[in-house]
Amino acid sequence: MSNCLGLYIEEHLIKYAKVSREHDNIKVETYGVMFYEKISEAIDQIIEETYSQKTPISINLSDEMYNYFDMFALLTKKDLQRAIKTEFDSCCSEKGYNSNVFETRYAIVDNQLERDKIKVIHIAENKIELNRRIQQVDKYKLINACPISISIPNLLDIENHENCIIVNIEEKTTLTTIIDSKIFNIDILDEGSTDILTKINIKENSYAKSYEVCKNTTIYTSEGRELLDEDTSYLEDIMPTLYEIVTKTQKIINDNPEKISKVYITGTGSLINNIDLYFQEYLLDVDCEILKPYFIDNTKDVSIKDYIEVNTAISLAMMGVGEGIEGMNFMKTTFINSLPDWMTIEIGGSSKKNKNKINKGGILTWDLGQKLDKIETNLLRGASSFLILFIVYSIFSTLILNQINKKAEEVNNSIKSTNEQIVLANNDNEKIKTKINQYTNLIKSIQDANEKIALRNKTKNAIPNLLNQIMSIIPENVQLISIENVNDTHIIITAKSNKYEQLGYFKAKLKTDVILTNVTSSAGQKENDVVIVKIEGDLP
């Protein structure tokens, strides 16, 4: 029996599922979703809870790039590889990329439009991003890293000649088009569950709560009941993203040369209630349904929706137990794993019947009680050479390691001295900052005092001058009731007259002679043939 732990990793969350396989029987042993702040701690916790310290692990890629090349079907394998590399180099040159920074894999499918050609699905992953993802799990038994768009069809028991699309709504949305039971095209949409969870997180301030909100939200279709206010509180965060996904899915279906008969929906987005009905309203000629792993039956103990929640992790684990397309593993093959079976050596017993015999398992056994033949002698010589090289390498490694340790000690002493000087410099810097603050406060106090003195000088003779100017322009029929100095420069004059035009003339003179600025007046109030107004303005 073989088993594998699938880890689907994206920002803020990890979906995991441990899958075992015995012959054709596949079983999900444990699964779940974990939110994290530190990914290393989350992975350690998952490994501990699932008892997977020695279990093979399969993970997804982080940001793969897809290209499609058309090649002649009659090319030899060697020429095809060269042609694919040339096409990819040209593609990278057009985009300004360095093709050497990518780890690549490819799959070949039939060209539906030109039968004498084949279509190459080329997948490239930045080596830096790939190594970063691998390093997150490198202390455990990591055996597989592949694109989620390639692993997700593992969950379907695809019928012969079936044409369908798998819409996987995760961090980004991947649309895997399957024509004639084979992967034909992969589209990546920027819209995905991250957009939805980020919008809800603004309200909930928790990705875990946002995820639960998403699971508990129901989409009411045009035939459903009328929405209430509480129903729409989160739909406004969800529906725009789903609309973009379903419209782009519809376009892909319409542009496809073959008729698509079914759309499977999976990923975090599939947890939204009635999402299949929502897709069905737009994709009228296609059956839409939630993707359920073909080997899982409805059980009383576990809801099928719980399995669907971790579909991506299950599909990755299935890659680790031998399901799916071969050659899509982006993990580099180690030297030991690359050796053919016949080079695996087992030290056997002394039975003459087993001397120099290759058993059914392809393992070469040696009988140490018999005389060695030429092949065995050459193998021992080779082993001795490896041993000598190993000893020489170990000696040089020890010498180099000693030199490294010596230099590291010198570096540490230099760092220690530098840190001490930095501490002294920081202390001096704090003293300087203190003095600067003192001088800044003194300068501000002086500036405030100067401003007060300037203001006092400015307004010292302003009021007497104002009264003299008013006396020279006030009409005979206008009488002043009061003059108020509201603040340093604002003046309110209350005046009365039995002639309104005299008050208007008085206001105009105040304005035109620039006795006051920003002159305004209230509406006149008439009492016993006397008009009273308030005139406001600022001293110039």
Side-chain angles (χ1 to χ4, degrees), residues 1-10 13-34 39-40 42-62 64 103 105 107 123 125 129-158 166 168 170 174 176 183 186 266-267 291-296 307-339 341:
M1 183 178 71
S2 59
N3 58 9
C4 181
L5 176 65
L7 297 180
Y8 173 77
I9 304 171
E10 65 179 46
L13 68 88
I14 301 175
K15 296 183 179 181
Y16 62 93
K18 191 172 184 179
V19 172
S20 62
R21 177 183 179 182
E22 188 171 7
H23 302 297
D24 292 332
N25 296 323
I26 298 175
K27 180 182 178 182
V28 179
E29 296 180 356
T30 183
Y31 58 88
V33 178
M34 179 174 292
I39 188 169
S40 58
I43 292 175
D44 290 344
Q45 184 176 344
I46 291 171
I47 297 297
E48 183 177 355
E49 290 180 357
T50 58
Y51 304 101
S52 302
Q53 288 81 358
K54 297 183 179 180
T55 302
I57 296 175
S58 177
I59 61 174
N60 61 301
L61 301 183
S62 59
E64 66 270 20
E103 187 77 16
R105 301 288 186 274
I123 307 172
E125 173 75 352
E129 289 298 318
L130 177 61
N131 290 333
R132 183 182 63 82
R133 176 55 57 88
I134 291 174
Q135 287 172 3
Q136 292 170 349
V137 200
D138 62 351
K139 62 181 179 180
Y140 300 107
K141 192 177 180 181
L142 180 61
I143 63 165
N144 184 76
C146 71
I148 196 66
S149 58
I150 297 296
S151 70
I152 201 68
N154 294 339
L155 303 178
L156 287 178
D157 188 8
I158 302 174
I166 302 176
N168 185 23
E170 293 287 10
T174 60
T176 302
I183 294 177
I186 297 166
T266 184
L291 175 57
K292 302 174 183 178
Y294 71 91
F295 53 87
I296 294 177
Y307 289 113
I308 295 171
E309 186 177 5
V310 293
N311 269 349
T312 44
I314 295 174
S315 70
L316 289 168
M318 292 176 69
M319 294 291 287
V321 295
E323 294 288 322
I325 300 177
E326 294 182 0
M328 281 298 165
N329 186 359
F330 276 67
M331 289 287 295
K332 291 184 178 180
T333 305
T334 62
F335 174 76
I336 297 300
N337 292 333
S338 65
L339 292 176
D341 291 339

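Hydrogens, waters and symmetry mates are skipped; everything else that's a heavy atom, side chains included, is used.
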Student check: side-chain heavy atoms of Leu155 and Ile166 closer than 4.5 Å: no
Classify the side-chain pair Asn311/Tyr31 by whether it contains a donor and acceptor separated by less than 3.5 Å. no
Just verifying a value: how many Å separate Ser52 OG and Ile43 CD1, rounded to the nearest 0.5 Å? 12.0 Å
Using side-chain heavy atoms (C-beta onward) and a distance below 4.5 Å, is Ser149 in contact with Asn168? no
Closest non-hydrogen contact found for Glu64 with Ile148 is OE2-N, 4.3 Å
Partners of Lys141 by side-chain hydrogen bond (donor to acceptor under 3.5 Å, both in side chains), sequence neighbours excluded? none
CD1 of Ile9 to OG1 of Thr312, rounded to nearest 0.5 Å, is 11.0 Å
Would Ile325 and Ile183 satisfy side chain to side chain contact (heavy atoms under 4.5 Å, CB included), going step by step from the backbone distance to the final call? CA-CA 10 Å; Ile325 300 177; Ile183 294 177; 3.6 Å; yes
More than 12 heavy atoms of other residues, nucleotides or ligands under 6.0 Å from CD of Glu48: is that the case? no
Looking only at heavy atoms, which two atoms of Thr176 and Pro153 are closest? And how far apart? CG2-CG, 4.0 Å
For residues 1-8, which side-chain donor-acceptor pairs fall under 3.5 Å, sequence neighbours excluded?
| unit_1 | atom_1 | unit_2 | atom_2 | d |
| --- | --- | --- | --- | --- |
| Tyr8 | OH | Glu10 | OE1 | 2.9 |

Pro56 side chain reached by Asn144 side chain, heavy atoms, under 4.5 Å: no
Distance from Met318 atom CE to Ile152 atom CD1, nearest 0.5 Å? 10.0 Å
Side chains of Asn329 and Met319, heavy atoms from C-beta outward: is any pair under 4.5 Å? no
Step-by-step side chain to side chain contact (heavy atoms under 4.5 Å, CB included) determination, Phe330 to Ile134: CA-CA 10 Å; Phe330 276 67; Ile134 291 174; over 6 Å; no
Check: Lys27 side chain, Glu22 main-chain N or O, donor-acceptor pair, under 3.5 Å: no
Where Glu170 and Gly267 come nearest, the two heavy atoms and their spacing: OE2-CA, 3.2 Å
Measuring from Glu103:CD to Glu129:CD, what's the distance to the nearest 0.5 Å? 14.0 Å
Correct closest heavy-atom pair for Tyr307 and Ile314 would be O-CD1, 3.8 Å
Pairs meeting criterion salt bridge (charged side-chain N to carboxylate O under 4.0 Å, His left out) with involvement of residues 309-327, two or more places apart: Arg21-Glu323, Lys215-Glu309
Using the side chain to side chain contact (heavy atoms under 4.5 Å, CB included) rule, take Val28 and Phe295 through it: C-alpha gap first, then chi angles, then the decisive distance, then the call. CA-CA 9 Å; Val28 179; Phe295 53 87; 3.9 Å; yes
Out of curiosity, Ile47 CD1 to Tyr16 OH, how far, rounded to the nearest 0.5 Å? 10.5 Å
Is the shortest side-chain heavy-atom distance between Tyr140 and Asp44 below 4.5 Å? yes
Restricting to non-hydrogen atoms, name the atom on Ser62 and the atom on Glu125 that form the minimum distance, rounded to 0.1 Å. OG-OE2, 3.1 Å
Pairing donors with acceptors under 3.5 angstrom, does anything connect the side chains of Gln136 and Arg133? yes
Main-chain N/O of Leu316 paired with Ser58 side-chain donor or acceptor, under 3.5 Å: yes
Just wondering, do Thr55 and Thr50 contact through their side chains at under 4.5 Å, heavy atoms? no
Test side chain to side chain contact (heavy atoms under 4.5 Å, CB included) on Glu29 and Tyr51; report intermediate values, then the result. CA-CA 11 Å; Glu29 296 180 356; Tyr51 304 101; over 6 Å; no
Interatomic spacing from OG in Ser151 to CG in Asn60 - rounded to 0.5 Å: 8.0 Å
Are any of the side-chain heavy atoms of Val137 and Ile59 separated by less than 4.5 Å? yes
